[in-house]
**Q** 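Right, I'll just put the structure down here and ask away after.
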Amino acid sequence: LLKEWNRWLTDPTHNSVDLIGKLLAAGHDATTMARSEGYLLSYDERMLFLLVQPNSSSDDRTYLAPFLDDMRAAGERVFDRYPNLRNEVEIGFTGMPAHVLTEANTVFSDVGNGGLVSVVLVIAIVLLGFRSVRKVGMAVVPIVCGMVISLGLIQLIVGRLTLISAAFMAVMFGMSIDFCIYIIR
């Protein structure tokens, strides 16, 4: 495993390992062959782990998405070459690239969903309390403007939202309405 990993780290052109073909050709001795060539198998010998890393250590979503798409395409090429494996083998991804991309996708969907639910609930509560659309507008418009400015500053300064900052958007909207209610009352 370490020898093969070292080859991948030192030689960027080393990317054509036909391990699936070797395993199928080996028959019953496939696990012995896999171990002897340095690949990592699970204890029950039902999972094979391949270490793949991007050329860059960047955690930028625009870099990681194409990398993982290429890895999925490589898996599809294996299935195209060995169609009988499609229903028997599952390909999964883990590690920093998969985790960061999943987190980024979660953030983008949660910011929209959580923020929308928060805005709707706060507007409904303020509308029930004041019974005036004009007063609701006076309370909500400054908060929405502040949130848009905050998101813009986060994008400029940090470059991206995290799971924690995404959760703060809904909390910030709910807590900020207090000040507007004080002013209106």
Side-chain angles (χ1 to χ4, degrees), residues 1-26 30-118 147-148 150-172:
L1 172 71
L2 294 176
K3 195 182 300 181
E4 186 65 22
W5 187 17
N6 190 35
R7 282 182 65 197
W8 283 358
L9 291 173
T10 57
D11 183 9
T13 61
H14 178 66
N15 58 5
S16 60
V17 177
D18 186 22
L19 183 64
I20 302 295
K22 290 178 184 177
L23 288 174
L24 290 176
T31 56
T32 306
M33 187 275 310
R35 281 195 185 106
S36 69
E37 291 201 13
Y39 294 101
L40 181 63
L41 292 171
S42 64
Y43 285 117
D44 62 359
E45 298 177 350
R46 294 181 56 199
M47 290 191 298
L48 172 71
F49 298 93
L50 297 177
L51 301 174
V52 180
Q53 69 177 21
N55 289 334
S56 170
S57 62
S58 171
D59 64 349
D60 185 19
R61 183 175 186 259
T62 58
Y63 176 76
L64 293 177
F67 171 73
L68 284 171
D69 288 343
D70 288 346
M71 294 301 100
R72 286 185 185 94
E76 285 302 314
R77 286 193 302 273
V78 170
F79 287 143
D80 290 344
R81 189 167 176 188
Y82 304 99
N84 57 330
L85 294 179
R86 189 170 294 275
N87 295 328
E88 296 184 24
V89 174
E90 182 180 337
I91 297 176
F93 298 95
T94 187
M96 187 277 296
H99 172 72
V100 169
L101 189 61
T102 302
E103 180 181 296
N105 291 339
T106 301
V107 166
F108 286 116
S109 68
D110 287 355
V111 166
N113 296 338
L116 185 64
V117 168
S118 175
M147 291 186 77
V148 167
S150 297
L151 286 172
L153 287 174
I154 289 171
Q155 181 64 33
L156 287 174
I157 295 170
V158 179
R160 66 178 190 274
L161 289 176
T162 64
L163 289 174
I164 295 171
S165 58
F168 271 113
M169 299 310 291
V171 172
M172 188 170 85

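Remember, it's a predicted structure, so these values are computed and weren't measured experimentally.
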**Q** Identify each donor-acceptor pair in which a side-chain atom of residues 64-75 lies under 3.5 Å from a protein atom, sequence neighbours left out, and give them as a table.
**A**
none

**Q** How close do F79 and V89 get, heavy atom to heavy atom, and via which atoms?
**A** CZ-O, 3.4 Å

**Q** Report the distance from atom CZ of F93 to atom CG of L101, rounding to the nearest 0.5 Å.
**A** 11.0 Å

**Q** Among residues at least two apart in sequence or on other chains, which ones pass side-chain hydrogen bond (donor to acceptor under 3.5 Å, both in side chains) with N87?
**A** none

